[in-house]
Every structure is written in C-alpha cells, then in structure tokens.
S.K.: 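Before I ask anything, let me first share the structure, which is written out below as structure tokens.
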Amino acid sequence: MKIATWNVNSVRVRWSQVGDWLAQQRPDVLCLQELKCEASQFPWEAFQKLGYSALVAGQKAYNGVALLSREPGIDEEVGLGDFADPQQRVIAATFQGIRVVSVYCPNGDSLGSDKYQYKLTWFDALQRYVQRALERYPRLVMAGDYNIAPHDQDIHDPKAWAGEVLCSPPEREKFEALLSLGLRDCFRQVKPWESEAFSWWHYRINAFKRNLGLRIDHVLASEGLIEGLQDCQIDKVPRGWERPSDHAPVMATFDL
DNA sequence: ATGGTTGATCGTCAA
C-alpha cells in the first residue's frame, strides 16, 4: 500500500500536475494540503478520470485538505474533534483497514506572533486527537505538512535557521510529543542518516536549484505498521516542473 | 538592501 502527501499550494492551479503525478506513481491514498478553495471549486472530475475518489474539507482562499484514493474511504471525519477551528486543516478516513489522516499544521509566522501561539495550541489539540485516534485505529498513518523540521539534519543551514519558526525548540517538542504516542517518521525510519533531503524550498532566491530547503512534510505511521514499511521517498521531480508547488510529494510504501 | 516569490483576491494577507 502506497500512502503519499503533497502540499499543492492551490489545487486549482496544480490539479494537472497532481493528475500527472498520480498517473505515474499510482498511490493508494494521496493526502493533499493547501487546497486554497471551497469544496465546490475542487477539481473532482480531473481525479475521477484517473480513477481516484476524493474526500474534501475546503474553505475560501486558505488552508483546505483532502484525501484522494483508488478505493473510496469510509468513516470520514473532518477537524480535530474537541478543538473548534474555523481553519480546515484535518481530514481522516479509513482505507483497507488503515486510518489515514491528512494534516496541514499551522505555519506559525514568527516567534512571539499570535500565529505562533496558535500553532503551539493547535499542536496540543492534535496531540489529544492522535491519542484518541490510536485507541480506536491502531493502524494509523498521519501525513502532511507539519511545518516543523524535526532535527538540524532536516535543514540546509541549521546555524542560520537556529531558533527560527519551523525549527524552534517548542515546535520540535510538539513534534517529538506526537512520536512519543507511538508514531514513527517513515522517512527517518528508512533513511536515518540521509542529509540534504528536503520537502520544501522557498520560491525566492532560487532556493530549489541551490537545494536550500527544509524537510517539513512527513509521513508518520503507528508502530504496528512500521514492520511493514518498505520505503519512503521524497519526489523532488515535480518541484522542478513549470510553475510548481513550493513543496514536493512524499510517499511511503507498506507491505501489508 | 527589511529586498526576493507565489496564490487568493482585488488591498492586502498568508506562506
């Protein structure tokens, strides 16, 4: 089973690229983030033509998450349950007995900002959500844009980035807390020592060509699934396409 | 040099 994630930065701009990538890679489930549109504007037909069903949590202009899948999902749930959030950042459903969650975690803007505080509070709600979800769904994959580079290894220039948003100690503690619930970072599980492996590059300063990036998009899997993990790859190719998303897709392959 | 890019929406906000 292949489960992938991609922050597409507007699904209305990127639907054709997503379609091309789906046709090439044929993941069983693709978690999308930053749709930047309402469900009524979602390009359902483009994915339907490729044999993919969609579950969509959209909103006007910002955020928005979805699950594309070869087989329809069941038991769809939108949001974090006990945390009322007007921003659409979480959608979950079950595929072939695997609970899959697509997450778009807050960016945080800068340390000390209101958005940074919201990010930390939001991660506390995500922590409670995952704790509950694992009780009900021990076979769980949560994939998306976490907006956190977990270790210095995940940053092109750790000294320049030290203490900045996306890698500040409080953010990293929130990420580690999620792992402490029994989730593993699939990429690090497969490639513990690989450096210079990034999933996001700024549009400015020729960041992609110079590989000035961060690894902030992650596929996390519950412990029961890890023994079946075969591979996890960041596909940099779509980031080099014309008018790309600033994020690359990440895909984990499980032998289940 | 407080610059630089992209997207939603149409004056800024968000990333």
Side-chain angles (χ1 to χ4, degrees), chain A residues 5-21 31-44 46-47 56-66 79 85-91 102-123 126 143-150 154-157 159-168 170-172 174-175 198-218 234-250:
Chain A
T5 179
W6 197 358
N7 178 326
V8 292
N9 187 16
S10 173
V11 76
R12 284 180 290 173
V13 171
R14 229 69 67 190
W15 63 268
S16 173
Q17 292 188 22
V18 175
D20 288 348
W21 193 80
C31 303
L32 297 178
Q33 300 88 36
E34 283 214 87
L35 306 180
K36 292 191 169 180
C37 67
E38 294 174 314
S40 61
Q41 303 168 301
F42 187 84
W44 304 86
F47 303 129
V56 177
Q59 69 175 85
K60 189 178 177 183
Y62 303 119
N63 308 306
V65 285
D85 189 355
Q87 304 184 21
Q88 297 283 41
R89 296 183 175 278
V90 181
I91 187 168
S102 177
V103 286
Y104 176 47
C105 306
N107 171 279
D109 187 51
S110 56
L111 268 67
S113 67
D114 290 348
K115 287 176 193 165
Y116 184 77
Q117 193 52 53
Y118 162 70
K119 181 176 191 174
L120 297 180
T121 305
W122 190 93
F123 267 96
L126 183 65
D145 177 1
Y146 286 78
N147 269 311
I148 296 176
D154 303 311
I155 303 177
H156 68 91
D157 186 347
K159 284 181 183 168
W161 276 83
E164 294 289 328
V165 74
L166 308 185
C167 62
S168 71
E171 292 166 87
R172 285 177 164 176
K174 301 299 184 192
F175 189 81
F198 309 126
S199 67
W200 171 83
W201 301 259
H202 213 291
Y203 281 125
R204 293 176 269 187
I205 63 167
N206 257 326
F208 180 63
K209 281 182 181 168
R210 300 158 66 196
N211 200 27
L212 307 179
L214 276 70
R215 195 176 69 92
I216 58 175
D217 299 86
H218 310 296
I234 303 169
D235 186 0
K236 288 174 68 172
V237 173
R239 185 62 180 79
W241 289 345
E242 192 80 21
R243 206 180 177 195
S245 167
D246 45 352
H247 294 253
V250 184

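Letters A, B, ... are given to chains in the order of the sequence lines, protein chains preceding strands, and every chain is numbered from 1.
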S.K.: Return the nearest nucleotide to the side chain of A/N63; candidates are B/dG7, B/dA8, B/dA15.
M.R.: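 Selected nucleotide: B/dA15.
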S.K.: Atom CH2 of A/W15 to atom P of B/dG7: distance rounded to whole Å?
M.R.: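 Value for this atom pair: 15 Å.
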S.K.: What are the two closest heavy atoms between A/L166 and A/E171, and how far apart are they?
M.R.: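 It is N-OE1, 2.9 Å.
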S.K.: Starting from P on B/dA15, measure out to CG on A/L111 and report it in whole angstrom.
M.R.: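 About 15 Å, once rounded to whole Å.
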S.K.: So, does A/R14 get its side chain near the phosphate of B/dG7, meaning an N or O under 4.0 Å from OP1 or OP2?
M.R.: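 Yes, because at least one side-chain N or O of A/R14 sits under 4.0 Å from OP1 or OP2 of B/dG7.
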S.K.: Rounded to whole angstroms, how far apart are CG on A/L214 and C1' on B/dA15?
M.R.: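 Going from A/L214 (CG) to B/dA15 (C1'), I get 13 Å.
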S.K.: In whole angstrom, what separates A/W241's CH2 from B/dT6's P?
M.R.: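 Taking CH2 of A/W241 and P of B/dT6, I get 18 Å after rounding.
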S.K.: If I take atom CG in residue A/D109 and atom C1' in nucleotide B/dC13, what distance separates them, rounded to the nearest angstrom?
M.R.: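 These atoms are roughly 10 Å apart.
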S.K.: Distance check: side-chain N/O of A/K115 vs OP1/OP2 of B/dA14, anything under 4.0 Å?
M.R.: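 So the side chain of A/K115 is within the cut-off, an N or O lying under 4.0 Å from OP1 or OP2 of B/dA14.
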S.K.: Please identify each residue that fulfils salt bridge (Lys or Arg N to Asp or Glu O under 4.0 Å) with A/E34, with sequence neighbours left out.
M.R.: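 Scan of A/E34 (salt bridge (Lys or Arg N to Asp or Glu O under 4.0 Å), adjacent residues dropped) gives none.
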S.K.: Check step by step if ring-ring contact (aromatic ring centres under 6.0 Å, His included) holds for A/F208 and A/H202.
M.R.: CA-CA 7 Å; A/F208 180 63; A/H202 213 291; over 10 Å; no
S.K.: Specify the residue among A/Y62 and A/R243 whose closest nucleotide of DNA chain B lies further upstream toward the 5′ end.
M.R.: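 Closest to the 5' end, via its nearest nucleotide, is A/R243.
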S.K.: Using the P atom in both, what is the distance from B/dG3 to B/dT12, to the nearest Å?
M.R.: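 Per the computed distance, 16 Å lies between those P atoms.
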S.K.: Scan residues 202-212 of chain A against DNA chain B and write down, sorted by residue number, each residue with any heavy atom closer than 4.0 Å; if none is found, say none.
M.R.: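 Contacting residues: A/Y203, A/R204.
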S.K.: Under a 4.5 Å cut-off applied to non-hydrogen side-chain atoms, are A/W15 and A/F42 in contact?
M.R.: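 A/W15 does not reach A/F42 side chain to side chain.
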S.K.: I'd like to know if the side chain of A/S113 and the backbone of A/Y116 have a donor-acceptor N/O pair within less than 3.5 Å.
M.R.: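 Side chain of A/S113 to backbone of A/Y116, a donor-acceptor pair under 3.5 Å: yes, one is there.
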S.K.: Over how many whole Å does the gap from A/N9 atom CG to B/dA8 atom P extend?
M.R.: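 Going from CG in A/N9 over to P in B/dA8 covers 7 Å.
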S.K.: Under the 6.0 Å and 45° cation-pi test, does A/R89 pair with A/Y104?
M.R.: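 A/R89 over A/Y104 ring: yes.
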S.K.: What pair of heavy atoms forms the shortest contact from A/P150 to A/R215, and how long is it?
M.R.: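 For A/P150 versus A/R215, the nearest heavy atoms are CD-O, 3.6 Å.
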S.K.: Using the closest heavy atom to pick a nucleotide of DNA chain B for each, name whichever of A/N7 or A/P244 lands nearer the 5' end.
M.R.: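 It is A/P244 whose nearest nucleotide is closer to the 5' end.
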S.K.: B/dG7 C1' sits how many Å from A/H247 NE2, rounded?
M.R.: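 Checked: the NE2 to C1' distance equals 12 Å.
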S.K.: Between atom CD1 in A/I216 and atom P in B/dA15, what is the gap in whole Å?
M.R.: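 So the CD1-P distance, A/I216 to B/dA15, works out to 11 Å.
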